[in-house]
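Presented below is the structure to which this report refers.
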Protein chains: 2
Amino acid sequence: MLTDRQLDILYLIIKIYTETDAPVGSKTLMNEGIQASSATIRNDMGVLEELGFIEKTHSSSGRIPSVKGYRFYVDHLLKPTDVASQDRLEIRRAFAREFHAINDIVETAASILSDLTSYTAFSLGPEVKERKLTGFRLIPLNHQQVMTIIVTDKGNVESQVFSIPQDMSSEDLEKVVKIINDKLVGQPLITVYNKLRTEIPLVLQRYFHTPSSVMHFFDSVMAQAFEDRIFVSGKMNILDYDSLTDMSEFKSIYSLMDDEEAITSLIIPSHGDISIRIGEELENDLLENMSLMTASYEVNGHGKGTIALLGPTNMSYARMFGLLDVFRYEVADQLSDYYRSLESPH
Amino acid sequence: MLTDRQLDILYLIIKIYTETDAPVGSKTLMNEGIQASSATIRNDMGVLEELGFIEKTHSSSGRIPSVKGYRFYVDHLLKPTDVASQDRLEIRRAFAREFHAINDIVETAASILSDLTSYTAFSLGPEVKERKLTGFRLIPLNHQQVMTIIVTDKGNVESQVFSIPQDMSSEDLEKVVKIINDKLVGQPLITVYNKLRTEIPLVLQRYFHTPSSVMHFFDSVMAQAFEDRIFVSGKMNILDYDSLTDMSEFKSIYSLMDDEEAITSLIIPSHGDISIRIGEELENDLLENMSLMTASYEVNGHGKGTIALLGPTNMSYARMFGLLDVFRYEVADQLSDYYRSLESPH
DNA sequence: GTTAGCACTCTGAATGTAAGAGTGCTAAAA
DNA sequence: TTTTAGCACTCTTACATTCAGAGTGCTAAC
């Protein structure tokens with residue numbers, strides 16, 4: 001078991017390394033408040049290194065925290081810092097505008113978070129799959145084009161403009177609308193998604209002799225609505241906080257950020273309210289030197305959303321923890337208000 | 001006046017510098033085909049330097065072309081290369097899909113161009129201001145939200161979802177639709193834009209007692225449709241072709257690329273079919289080491305569009321010239337086809 | 001268990017060296 | 001008059017050398 005002084009030393013190494021980004025030596029620790037001589041501190045550091053909590057960058061360097069060290073820190077030592085009142089203010093102010101869509105709120109969350117931290121922020125709204133399809137419209141715009149509008153019960157709207165396929169008559173279109181209204185409107189999106197692969201093709205075969213073109217139309221119309229849109233803000237900040245060996249490395253990371261699929265699966269597997277994954281724990285070579293903090297929030301009755309923060313392994317977990325905690329509530333509140341305003345007509 | 005050999009030397013310096021990205025010396029030029037000894041070539045290089053066409057990077061280095069040298073080259077020496085058949089193929093293939101909107105085509109152009117060149121490509125569709133507003137719709141989605149759809153005669157569609165302002169009744173909304181249909185539909189966008197600042201506020205004052213909130217609604221509805229959307233592709237390529245001193249420099253350039261306003265005004269002032277501006281000629285410190293080639297095309301009767309290419313000053317102007325020339329026709333053709341398909345109902 | 005002292009290691013910046021590429025100039029050849 | 005060979009000179013680049021500084025581990029004494 002670690003002694004109190006050893007815990008202090010580990011804590012302090014992490015704190016100082018976060019601030020200075022340079023290996024921490026025994027003398028520095030002495031000056032920063034450890035009540036012992038540098039030799040004693042060195043002995044303790046030896047122990048901590050033996051246990052794998054800290055490591056050297058070269059044989060005679062100071063120590064930096066290892067992943068295991070950070071893990072121990074976030075699990076046992078971390079005390080969230082109070083959020084600076086200036087930060088609080090900025091958050092309030094950024095949310096103090098009128099929103100016209102859920103995704104506006106979700107996007108704003110990512111944007112404030114990355115501004116506040118200078119890291120990269122992600123924001124994923126309450127889950128889509130639980131929603132119901134409440135409306136489907138086809139608006140003819142001119143000879144060739146129609147606009148499709150899909151509305152879900154939580155106020156999400158997706159629209160798309162189509163050129164009408166050559167082999168599709170306007171009667172066919174009307175049939176499509178009818179089929180969608182009969183079979184799909186009112187269903188949860190997940191059901192819609194399933195029927196689209198099973199039942200609907202059968203129905204189409206009965207009504208059309210070119211079901212594939214109709215099916216294709218169907219598919220693109222619905223595809224959008226199923227996507228959990230994830231918002232990323234502060235991609236460029238990677239340049240500041242990641243010590244890149246290589247421009248191609250940056251490019252890879254950058255394009256990873258553009259891959260909604262990848263990001264979503266990176267962020268989703270979080271446990272509890274706020275989860276932290278450090279360096280290798282992210283199981284992605286590109287993110288070796290980064291950590292990901294994920295916070296989830298519940299919008300009462302409307303599903304679970306997620307915000308996340310990607311930064312260097314030596315980020316200030318304490319401050320970030322505090323911030324994310326504020327966001328958890330703030331975003332949930334904002335969304336909650338928005339949903340309420342949708343439900344109660346004024 | 002320059003001798004033939006001097007012209008050959010200038011030409012060859014530019015060619016070799018484009019290929020190797022390193023200063024070119026007299027011996028290299030000799031080996032690459034100049035029929036004279038290195039000493040003679042050095043003398044000619046002295047003349048060219050005296051005239052400001054080439055310059056040294058340090059007192060005993062080989063020469064690189066100056067802006068004036070490039071200028072002379074593009075004005076008098078440049079011979080467009082034939083486009084490689086493989087490139088031709090790729091262009092054909094990328095355009096060989098169905099497009100559902102003008103902007104799809106315009107965006108695709110930028111994307112292919114940047115893929116093909118590994119530079120940064122811009123694409124600006126036929127001018128918006130000439131279009132007429134042909135349709136305006138308000139689709140109620142639920143208690144709180146309406147979707148507005150604006151259609152122009154060239155098949156452009158913009159939609160937006162709104163929460164209805166608190167102090168706006170549905171009768172008010174209907175009035176808004178009526179006013180727009182009476183006063184604005186059928187007008188060219190530029191007229192719409194002007195009326196929105198002059199005539200419309202007066203009309204509103206007659207019908208509403210809170211004209212400002214209505215006006216605000218009006219404004220955001222229309223704002224979108226006026227914007228010339230410009231597409232940028234290959235922003236990340238800057239990392240490869242610009243020798244950045246600094247990450248913050250990259251950030252600045254990158255955010256310049258996000259500034260549609262700035263990019264548009266950078267690209268617009270081009271003369272003739274294909275215009276080239278080199279380094280300082282761009283009058284932007286950030287773009288000192290880059291050149292911009294701008295090509296404009298005419299879609300018969302539907303306005304003028306522009307594609308542009310930003311690359312290093314030592315890009316292969318000959319190849320790019322050929323490529324842009326192909327694009328000029330290809331994009332115009334594609335758009336022309338699209339417009340035709342809109343006009344003639346099948 | 002703690003500490004002073006010391007030999008040792010490694011980094012990073014500064015300095016020196018040598019090869020290579022290229023130049024300008026001069027004087028001779030064409 | 002133009003071209004060329006030759007040479008001294010310049011500058012870059014890569015590589016080695018040196019040296020101070022920061023930090024360590026170990027030992028022996030407190």
Side-chain angles (χ1 to χ4, degrees), chain A residues 1-10 12-66 69 243 245 289 314, chain B residues 1-66 69 243 245 314:
Chain A
M1 211 41 247
L2 294 177
T3 66
D4 280 356
R5 190 175 55 218
Q6 283 160 359
L7 291 176
D8 287 348
I9 288 172
L10 178 57
L12 209 50
I13 287 176
I14 289 176
K15 180 160 181 290
I16 296 172
Y17 185 56
T18 297
E19 289 160 6
T20 64
D21 209 6
V24 183
S26 50
K27 260 186 195 152
T28 311
L29 290 167
M30 194 174 70
N31 297 332
E32 293 294 328
I34 301 292
Q35 296 296 329
S37 75
S38 69
T40 307
I41 294 174
R42 275 201 295 283
N43 288 334
D44 280 343
M45 287 167 94
V47 175
L48 288 169
E49 185 172 15
E50 194 73 22
L51 293 169
F53 291 124
I54 56 180
E55 55 198 27
K56 293 190 267 202
T57 59
H58 60 86
S59 71
S60 73
S61 78
R63 306 304 211 289
I64 60 171
S66 66
S243 50
T245 47
N289 303 311
N314 71 332
Chain B
M1 210 41 247
L2 293 178
T3 66
D4 281 355
R5 192 176 54 218
Q6 283 160 359
L7 290 177
D8 287 348
I9 289 173
L10 177 57
Y11 181 88
L12 210 49
I13 287 177
I14 290 176
K15 181 161 181 289
I16 296 171
Y17 185 56
T18 297
E19 288 160 7
T20 64
D21 209 7
V24 182
S26 52
K27 261 186 195 153
T28 311
L29 289 167
M30 195 174 69
N31 297 331
E32 293 294 328
I34 300 292
Q35 296 297 329
S37 73
S38 67
T40 307
I41 294 174
R42 277 203 293 285
N43 288 334
D44 280 343
M45 287 166 94
V47 174
L48 287 169
E49 185 172 16
E50 194 72 21
L51 294 169
F53 291 125
I54 57 179
E55 55 200 25
K56 292 189 267 199
T57 59
H58 61 86
S59 72
S60 73
S61 78
R63 306 305 212 290
I64 61 172
S66 66
S243 50
T245 47
N314 71 333

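We name chains A, B, ... by the order of the sequence lines, and we start the count at 1 in each one.
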Over how many whole Å does the gap from [X] atom [atom1] to [N] atom [atom2] extend?
X: A:Glu49; N: D:dG25; atom1: CD; atom2: C1'; result: 11 Å
X: B:Ile64; N: D:dC11; atom1: CD1; atom2: C1'; result: 15 Å
X: B:Tyr17; N: C:dG22; atom1: OH; atom2: C1'; result: 16 Å

Quick check: closest heavy atoms across [X] and [Y], and the distance to 0.1 Å?
X: B:Ala36; Y: B:Met30; value: O-CG, 3.2 Å
X: A:Ile9; Y: A:Met45; value: CG2-CG, 4.2 Å
X: B:Asn314; Y: B:Tyr17; value: ND2-O, 3.3 Å

For the backbone of [Y] and the side chain of [X], can you confirm whether one donor and one acceptor N or O come within less than 3.5 Å of each other?
X: A:Ser38; Y: A:Ser26; answer: no
X: B:Thr28; Y: B:Val24; answer: no
X: A:Gln6; Y: A:Thr3; answer: yes

In residues 26-45 of chain B, what residues come within less than 4.0 Å of DNA chain D, judged by heavy atoms?
B:Ala36, B:Ser37, B:Ala39, B:Thr40, B:Arg42, B:Asn43
Within residues 54-62 of chain B: residues closer than 4.0 Å to DNA chain D (heavy atoms):
B:His58, B:Ser59, B:Ser60
A:Lys15, NZ: over 12 other non-hydrogen atoms inside 6.0 angstrom:
no
Tell me, with the steps shown, if A:Glu49 and A:Arg63 meet salt bridge (charged side-chain N to carboxylate O under 4.0 Å, His left out).
CA-CA 8 Å; A:Glu49 185 172 15; A:Arg63 306 304 211 289; 2.8 Å; yes
Is the shortest side-chain N/O distance from A:Arg5 to OP1 or OP2 of C:dT2 below 4.0 Å?
yes
